[in-house]
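Presented below is the structure to which this report refers.
We name chains A, B, ... by the order of the sequence lines, and we start the count at 1 in each one. The figures here come from the full heavy-atom set of this structure, side chains too, leaving out hydrogens, waters and symmetry mates.
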Amino acid sequence: MPRLEDLNPVQRAAVEATDGPVLILAGAGSGKTRVITHRIAYLVSRRKATPDEILAVTFTNKAAAEMKERAARLAATAEAPAWVSTFHAACARILRAEAPLLGFERNFSIIDEADSLALLRRLLEEARLPEAGHAEAVRARLEQAKNDGVSPEELAQGAVDPRQAQLAEIYRLYQQRLRAANAMDFADLLLMTCELFRARPEVLARWQARARYLLIDEFQDTNRSQYLLVKALSAQSGNLCAVGDEDQSIYRWRGADIRIILDFERDFLAARVFALEQNYRSSKMILAAAYAVIRNNRERKPKRLWTANSAGEPVRCFTGVTERDEANFIAREIERLVEAGLARPSEIVVFYRVNAQSRVLEEALSARRIPYVVVGGLRFYDHREVKELLAYLRAALNPRDVMSLGRALAAPPRGVGAKTLALAGRVAARDGLSPLEALAKLEGAAHVPLGAAREAAAFSRWMVGLGARAPAAPVQALIEEVVSRSGFLEYLDRQADGAARRRNLAELFSSAAAFDAEHGPGGLESFLERAALAADGRPPEETGGRVALMTLHTSKGLEYRAVFMAGMEEDLFPHARSAEEPTELEEERRLCYVGMTRARELLYLTKTLSRELYGQRSESSPSRFLAEIGDDLMVRLGAVPAARLRERPAAQTYVDYADGQLPQPVGGGLAVGSRVVHHSFGLGVVRRLEGRGENAKAWVSFDGRGLKLLMLKFAALRPVAD
DNA sequence: GTCGGGTACTTTTTT
DNA sequence: AGTACCCGAC
């Protein structure tokens, strides 16, 4: 039985408001998860709902796991836990059950971004529609359309120029191709579920009954298609509880729409709103600094967190000469905190804006023998050798999945390449077979050498057999068979970093073993689904006494005693791509706010004078967010001798120098920050200069035209007076 | 047709 | 630094 006395009055009211639309505005550190888990337990204990009539949706696997665990602990009964899952996993579950209604088979594959991109590349080439744009750009736009809940037909109807019409056509072909492969991409999981609910009211009704109490976490990060889904699911019961904080909306680039939370009260006129404004996490100083940043945003509800915690220490701002200097400071300081007993390694985190920043930090920590883990970044299931091995299993399970088929056929190479596979696809379409089956029927076909045809046939028969054994076999045994029969290990050993790849394979093997132990044999389908939806091997909270390193995006929902935020520099944070557009700048600011509010007691903001990133060194200037915090909440630290600072020319142009050397101004009158004019883009500001001589390039943000990278030898940029 | 090696090119954040 | 694409060799 949940103890409501453990909650403050607003939290308690939010828990007790069980029915109808409810919006819980949960500021950072305000006990959000506590409220959600109490709410679930309360619904059950009051017999408002059985656990399996509650659907709680979160954004990440991490959050889902935590909520599930805490809710189970609260309920303290043996009852089945509520259905807690991510949006994508919930949709996958619904779609597996209803796939035939949409013209898919239940064993459909879920493809990742890399597969989606590869498919699109092939499509763009075949369809001869190069004007639609570069594959990367097309993929992003298709994803956006899907996230907005727009179908190919709707996109075609809305097209006002040939370019958009072509995009719509690509969209149509892409969907057709996916359907042929019995596959969906991430965005499809949401979109197809929406479509299903729109087209089949009786199916929707079934799921509405299955989710009589709907709870959406991180509501500020929902996109249009997620919102439509939520609205449809709750339409019957009306019991929709949205929990979020617009100040922590950081996924606009992935289709999240902050207006959804801002307009909630207009959308649901009967909505009751609870604002959790007491922060239990951070010191007064940290909260004040975070507020000093976020108050500069226009697109937010006026509100301010308060805390009964102590005043605490001021924010520390360190300036290093280079990123190595910055990293060394962080490592030294972590060492000091640990030795002084101010924090244990597991209570310390280092945040950065882009993954590329982690390398130097890792080196500095290793040098001081400080144990650390990098959370996120390249996910385990994204390693090439892991994807290759899983491709065998996916192809065996879904013989129409040509993307997995191609990947498996090439690892190790068997003399059967893209052309032969394409031919198999045509044979399959002609004879009503799956592409995998068609591979066995290529002997005698034109342009297929006999050896390749036999190889393909043997492969095909093996894989068909593997697929037949899958429903009863442990995943581990299937992997074992693939490894031994394909010569996978020998193939890995022929590669440069074979040892590391072998290790990853071993890890895959043991995670399969663990999965079998939990689920019993025949779990291949759910094993693959978990891999596709990036349920990363082990839970990241198991940092085992180590300092955590992660991007600011990954930091959401976590808290640490001591927080370091590295790279507080213009063009890195806020990122250069977001500096122009006010809405994007506001998102960067929210990201900064999210990072700062992770800290309980100590907050360090660090920056450099000069940073090398992606193999280019350039001059850096302090992030505007530092100026927003101001000096009364901050203590400045710096290893930079004042004399050296004075030596630096006032308007620094670009630099290209080895670590530790002094910057040398170069460049034909162009400087970072100077205004220039371009013959077609018009007026702009130089954001960054890189390269030398022939290769000199400039990032220039043009008024209303965005950020452009220009080769100076081609683009005549003329400086203009301010 | 397939495969391996060289070169050129692009870097935000992730379910 | 890592990947994608191009090219020449089999």
Side-chain angles (χ1 to χ4, degrees), chain A residues 57-64 85-92 110 112-114 117-118 121 125 134-136 140 143 146-147 185-190 218 221-223 226 250-256 351-359 375-379 381-382 384 409-410 412-423 442 445-449 451-453 455-456 494-497 529-536 550-556 567 571-579 584 587-588 590-591 594-595 612-616 690-691 695 697 699 707 709 711:
Chain A
V57 184
T58 66
F59 210 59
T60 63
N61 295 298
K62 201 168 56 185
S85 121
T86 64
F87 262 112
H88 289 84
C91 288
I110 300 170
D112 65 10
E113 200 174 310
L117 201 58
R121 279 213 180 88
E125 203 179 317
H134 205 257
E136 304 263 3
E143 185 179 69
K146 290 182 174 187
N147 283 337
D185 62 22
F186 287 139
D188 278 339
L189 294 175
L190 308 169
E218 307 287 8
D221 284 324
T222 49
N223 62 39
Q226 288 166 331
I250 56 177
Y251 284 103
R252 192 180 105 93
W253 52 276
R254 226 174 73 187
F351 295 144
Y352 36 83
R353 179 64 179 79
V354 302
N355 282 307
Q357 285 172 262
S358 76
R359 198 184 197 92
V375 181
L378 184 67
R379 294 172 333 209
Y381 291 107
D382 283 341
R384 208 179 80 201
L409 271 168
R414 293 178 162 78
V416 182
K419 293 280 179 182
T420 307
L421 184 58
L423 176 67
L442 296 180
H447 308 296
V448 180
E455 194 69 49
R494 269 179 267 136
Q495 298 172 26
D497 38 4
E529 180 161 311
R530 206 183 59 161
L533 297 179
D536 209 353
M550 66 186 84
T551 65
L552 284 155
H553 281 88
T554 310
S555 78
K556 200 162 70 165
D571 293 350
L572 179 58
F573 193 32
H575 197 274
R577 296 180 98 107
S578 308
E584 294 193 3
E587 173 136 320
E588 295 282 313
R590 290 192 292 268
L591 194 54
V594 167
E612 186 181 312
L613 209 58
Y614 311 121
Q616 292 285 345
E690 54 192 37
N695 286 321
K697 288 173 261 186
W699 290 90
L707 191 68
L709 179 60
M711 297 287 291

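- Note on A/T551: a side-chain N or O is less than 4.0 Å away from OP1 or OP2 of B/dT14.
- The side-chain heavy atoms of A/F186 and A/L533, taken from C-beta on, include a pair separated by under 4.5 Å.
- Ring-to-base geometry does not place A/H553 in a stacked arrangement with B/dT14 (centre distance under 5.5 Å, plane angle under 30° required).
- A straight line from CZ of A/R121 to P of C/dC5 spans 4 Å, rounded to a whole angstrom.
- How far CD1 of A/I110 is from CG of A/L189: 5.0 Å, rounded to the nearest 0.5 Å.
- Taking atom CG of residue A/D571 and atom C1' of nucleotide B/dT11, one finds them 14 Å apart after rounding to whole Å.
- When all heavy atoms of A/S555 and A/G595 are compared, the pair lying nearest together is OG-CA, 4.4 Å.
- Counting to the nearest Å, the C1' atom of C/dG2 and the CD atom of A/E136 are 13 Å from each other.
- At least one test fails for A/K556 against the ring of A/Y251: distance under 6.0 Å to the centre or angle within 45° of the axis.
- Along DNA chain B, the nucleotide closest to A/E143 and the one closest to A/V448 are compared, and the more 5′ of them pairs with A/V448.
- Separating the CZ atom in A/F573 from the CG atom in A/L591 is a distance of 4.5 Å, to the nearest 0.5 Å.
- Atom NE2 of A/H575 is separated from atom P of B/dT11 by 10 Å (rounded to the nearest Å).
- Remark: P of B/dT11 and CD of A/Q357 are 17 Å apart, rounded to the nearest angstrom.
- Look at CG on A/N355: it is 5 Å from P on B/dT13, rounded to the nearest Å.
- In terms of position along DNA chain B, the nucleotide closest to A/L409 lies nearer the 5' end than the nucleotide closest to the other residue of the pair A/L409 and A/H88.
- Across all strands shown, A/E113 has heavy atoms under 4.0 Å from base atoms, whether or not it also approaches the sugar-phosphate.
- Rounded to whole Å, atom P of B/dT14 lies 21 Å from atom NZ of A/K146.
- Atoms CG (A/L421) and P (B/dT2) sit 9 Å apart, rounded to a whole Å.
- Among the atoms of the strands shown, only primed sugar atoms or phosphate atoms (P, OP1, OP2) are found under 4.0 Å from some heavy atom of A/A418.
- Nucleic acid contact for A/R384: none, since no nucleic acid atom lies under 4.0 Å from a heavy atom of the residue.
- Look at A/T554 and you won't find any side-chain N or O under 4.0 angstrom from OP1 or OP2 of B/dT13.
- Distance from the side chain of A/R254 is smallest to B/dT14 among B/dG1, B/dT14, C/dA1.
- Taking only side-chain atoms of A/P413, from C-beta outward, the nucleotide of B/dC3, B/dT15, B/dT12 with the closest atom is B/dC3.
- Taking 4.0 angstrom as the limit, A/S578 places none of its side-chain polar atoms (N or O) nearer than this to OP1 or OP2 of B/dT12.
- Here the separation of C/dA4 from B/dT13, taken at their C1' atoms, is 23 Å to the nearest Å.
- Residues A/W253 and A/H553 place their aromatic rings such that the two centres sit under 6.0 Å apart.
- For A/W253 and B/dT12, a side-chain-to-base donor-acceptor distance below 3.5 Å is absent, hydrogens and geometry of angles not being considered.
- In this structure, A/F87 reaches neither bases nor backbone, as no heavy-atom distance under 4.0 Å exists between it and the strands shown.
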